[in-house]
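A note on names: the letters A, B, ... follow the listed sequences, proteins ahead of strands, and every chain is numbered from 1.
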Amino acid sequence: MAVTGDETEAGSVAAGDLANSQMRNPTSNRLKAESGVGSLGSQKPLEDALQKRALRLMKNREAARECRRKKKEYVRCLENRVAVLEQQNKTLIDELRALKDIYQHKVE
DNA sequence: TCGCATGGACGTCATTCGCC
DNA sequence: GGCGAATGACGTCCATGCGA
């Protein structure tokens, strides 16, 4: 466990990640292209596009968190099930051994 | 003590899936 | 078909452990 949930919770983006994402994503250029806003004309469509993008990123960020939480829970459940089944298997093997033993003594 | 390997968590993008 | 939610893939950061 390196980074606790509390440290990076609730929209506090790690500085490195922020820089990273800005480096990788030529967002403003793409938005300009998408919104049809060039060097001239109203800034409104661009603002709308930026706002829409920010909202989408925020929602996706939260969705990703929830997705990871569910995945971890799922894995935990599977691990528990494995433990239970292994125990059952041991018990059944012991039972079988005991029954074989009883049978053997009766035959003799 | 330093450099490296590893693992966990994160954000973003691309894709898939289900609903309208 | 379009749209939003869910998820896989990827790159990054950070903490920790370990050997030189």
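Using a 4.0 Å cut-off between a side-chain N of Lys or Arg and a carboxylate O of Asp or Glu, R76(A) and E73(A) qualify as a salt bridge.
Between E62(A) atom CD and dC10(B) atom P there is a gap of 12 Å when expressed in whole angstrom units. The NZ-P distance, from K52(A) to dT12(B), rounds to 18 Å in whole Å. A straight line from CD of E66(A) to P of dA6(C) spans 8 Å, rounded to a whole angstrom. Separating the CZ atom of R56(A) from the C1' atom of dC3(C) is a distance of 12 Å, rounded to the nearest angstrom. dA9(C) atom P lies 16 Å from atom CG of N60(A), rounded to whole Å.
Side-chain N/O atoms of R65(A) include none lying less than 4.0 angstrom from OP1 or OP2 on dA9(B). When the side-chain nitrogen and oxygen atoms of K71(A) are compared with OP1 and OP2 of dA6(C), none of them lie within a distance under 4.0 Å. Listed pair R68(A) / dA9(B) fails the phosphate criterion, with no side-chain N or O lying under 4.0 Å from OP1 or OP2. For the pair R69(A) and dT7(C), the criterion of a side-chain N or O lying under 4.0 Å from OP1 or OP2 is not met. Contact between the side-chain N/O atoms of K70(A) and the OP1/OP2 oxygens of dT7(C) is found at a separation under 4.0 Å.
One axis for each end of the helix from dT1(B)-dA20(C) to dC20(B)-dG1(C), each built from five base pairs, and the angle between them comes to 10° at 10° resolution.
No side-chain heavy atom of N80(A) sits under 4.5 Å from any side-chain heavy atom of V84(A). Residues N89(A) and E86(A) form no side-chain contact, since every pair of their non-hydrogen atoms from C-beta on lies 4.5 Å or further apart.
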Return a table of donor-acceptor pairs under 3.5 angstrom between the side chains of residues 96-108 of chain A and protein atoms on other chains or two or more places apart.
from, atom 1, to, atom 2, distance (Å)
R97(A), NH1, D94(A), OD1, 3.4
H105(A), ND1, D101(A), O, 2.9

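By the salt bridge (charged side-chain N to carboxylate O under 4.0 Å, His left out) test, R69(A) is found to be paired with E66(A), residues two or more places apart in sequence or in another chain being considered.
To the nearest 0.5 Å, atoms CG (L78(A)) and CZ (R81(A)) are separated by 8.5 Å.
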